[in-house]
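Counting from 1, the numbers follow the sequence of the chain as shown. These numbers were taken from a predicted model, which means no experiment stands behind them.
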Amino acid sequence: MTTNSKDDPSRLKGVMTALVTPFQNGVIDYDALSTLSEWHIQCGIDALVPCGTTGEAPTLAWDERLKIIRTCVRTSRGRVPVIAGTGTNSTELTIAHTSAAQSCGADAALIVTPYYNKPSQEGIVRHFEAIAQSTTLPIIVYNVPSRTGVDLTMHTLDRLAQIPSIVGIKDATGEVKRVEYIRTIFHDRFILLSGHDETAYAFNLLGGDGMISVIANVLPHVFVALRDACKAGDWATARYIQQRMQPVFKAFDLDTNPCPVKYALKHRRGMSEEVRLPLVPVSVETAGEIRSALDHLGGPSNHGQTDRASAIFKPVETTSDAQAAPLVWRV
């Protein structure tokens, strides 16, 4: 029997990867997706998040979405949760996507606020109410006003908090003061996840429960180290990781997500950098900036901490096929 994540919120906390969708000649490379997911699990990632913004969800066909989710569920084998992105700007279609994700074995749904049609706050609440009534999956609300054109007010968040199956929020505003404010008002009623890599450190310092990371696609071990430092209250190490990552954050901000991280995966792991139109691969200049930022991660530190840099930032290759015990909350 599945344990409700509202009763055990730790199941949906920690560092999670907003997975890219690998393409080869316009077709999804499911083997590459499985290999990438397995590597992340072995590196200690707490959850896989397919079919989100980083996964180029707007360009995915219905059957592609289902196969992506099934691939992640099959690869995980119950070791980590699979949180499927199911949100659209249509309530009816989002309900269909969420139901299908549940049928495919997803453990939770990440649902973005409706984009482009810019609903009122009342419309947002009714949107999530209708979805929650249609599924038993735990729901994480995804607030990313830079992409959607709408933002959640505290009053709306308070109304969403009354819906039992809405267990958390992914905040990608980059406004870290929000997490402290939300935590002060709502205490432990929400799982608070950062959706903005550059401010994830500050987000967790101020009361966050983890992050859904883009750059974790290529540096999962670094974000696992950040998670461990935050959990242990080792803010010196967390701050050190944050400082060393600044050139990477800057380089990845030179183009639209997921174009930079797909190039980074090509550089570090030999994966295809192919994206679907209207996105295009990064420019030669941006590619050079990304390579430089990644290649200097393990270099000498300005703070005399070369050994720590080597331990945290050295590229990790895992070959073991060992698996941890399945999560008890999985069916």
Report yes or no: do [X] and [Y] belong to one cluster of Ile/Leu/Val/Met/Phe/Trp/Tyr joined by side chain heavy-atom distances under 4.5 Å?
X: Leu254; Y: Val214; answer: no
X: Ile215; Y: Leu297; answer: yes
X: Leu294; Y: Val261; answer: yes
X: Leu48; Y: Leu137; answer: no
X: Val144; Y: Ile83; answer: yes

Evaluate the criterion side chain to side chain contact (heavy atoms under 4.5 Å, CB included) for residue pair Asp63 and Lys67; output intermediate values, then yes/no. CA-CA 6 Å; Asp63 60 327; Lys67 193 169 181 179; over 6 Å; no
Main-chain N/O of [Y] paired to [X] side chain as donor or acceptor, under 3.5 Å:
X: Asn217; Y: Ala18; result: yes
X: Arg227; Y: Gly44; result: yes
X: Glu289; Y: Glu285; result: no
X: Thr98; Y: Thr94; result: yes
X: Gln242; Y: Glu198; result: yes
X: Asp158; Y: Met154; result: no

Between Lys266 and Val282, does the side chain to side chain contact (heavy atoms under 4.5 Å, CB included) criterion hold? Intermediate values first, please. CA-CA 12 Å; Lys266 175 185 177 182; Val282 298; over 6 Å; no
Return the [atom1] to [atom2] distance between [X] and [Y], rounded to the nearest 0.5 Å.
X: Arg74; Y: Tyr30; atom1: CZ; atom2: OH; answer: 10.5 Å
X: Ser165; Y: Gln133; atom1: OG; atom2: CD; answer: 9.0 Å
X: Lys262; Y: Asp255; atom1: NZ; atom2: CG; answer: 13.0 Å
X: Asn25; Y: Ser272; atom1: CG; atom2: OG; answer: 8.0 Å
X: Ser76; Y: Ile45; atom1: OG; atom2: CD1; answer: 12.5 Å
X: Thr71; Y: Asp31; atom1: OG1; atom2: CG; answer: 8.5 Å

Under the side chain to side chain contact (heavy atoms under 4.5 Å, CB included) criterion, do Thr53 and Tyr142 qualify, and how do the steps go? CA-CA 10 Å; Thr53 305; Tyr142 181 14; 3.5 Å; yes
Given side chains that start at C-beta, do those of [X] and [Y] come closer than 4.5 Å, heavy atoms only?
X: Phe252; Y: Ile290; answer: yes
X: Pro119; Y: Val150; answer: yes
X: Arg178; Y: Ile169; answer: no
X: Thr35; Y: Glu38; answer: no
X: Asn143; Y: Thr173; answer: yes
X: Leu219; Y: Met245; answer: yes
X: Asp209; Y: Phe190; answer: no
X: Arg183; Y: Leu206; answer: no

Would you say Thr21 and Glu56 are linked by a side-chain donor-acceptor pair, where the criterion is simply a distance under 3.5 Å?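 The answer is no; no qualifying pair exists.
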Does atom CD of Glu92 have more than 12 heavy-atom neighbours, drawn from other residues, nucleotides or ligands, at distances under 6.0 Å? no
Are more than 12 heavy atoms from other residues, nucleotides or ligands located less than 6.0 Å from atom CZ of Arg126?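 Not more than 12 within 6.0 Å, no.
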Return the minimal non-hydrogen interatomic distance between [X] and [Y], and the atom names on each side.
X: Val218; Y: Trp39; result: O-CH2, 3.5 Å
X: Gln121; Y: Thr153; result: OE1-N, 3.2 Å
X: Pro220; Y: His40; result: CG-CD2, 3.8 Å
X: Ile69; Y: Cys104; result: CG2-CB, 3.8 Å
X: Phe128; Y: Val112; result: CZ-O, 4.1 Å
X: Asp29; Y: Gln24; result: OD2-CG, 3.7 Å

Apply side chain to side chain contact (heavy atoms under 4.5 Å, CB included) to residues Arg276 and Ile28 and explain how you reach the verdict. CA-CA 10 Å; Arg276 281 183 172 172; Ile28 295 175; 4.2 Å; yes
For a side chain to side chain contact (heavy atoms under 4.5 Å, CB included) with Leu19, tell me which candidate from Leu33, Val49, Thr54 qualifies.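 By the side chain to side chain contact (heavy atoms under 4.5 Å, CB included) criterion, Leu19 pairs with just one of Leu33, Val49, Thr54: Leu33.
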Partner of Gln102 under side chain to side chain donor-acceptor pair (under 3.5 Å), chosen from Thr86, Thr135, Asp107: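 Running side chain to side chain donor-acceptor pair (under 3.5 Å) over Thr86, Thr135, Asp107 with Gln102 returns exactly one hit, Thr135.
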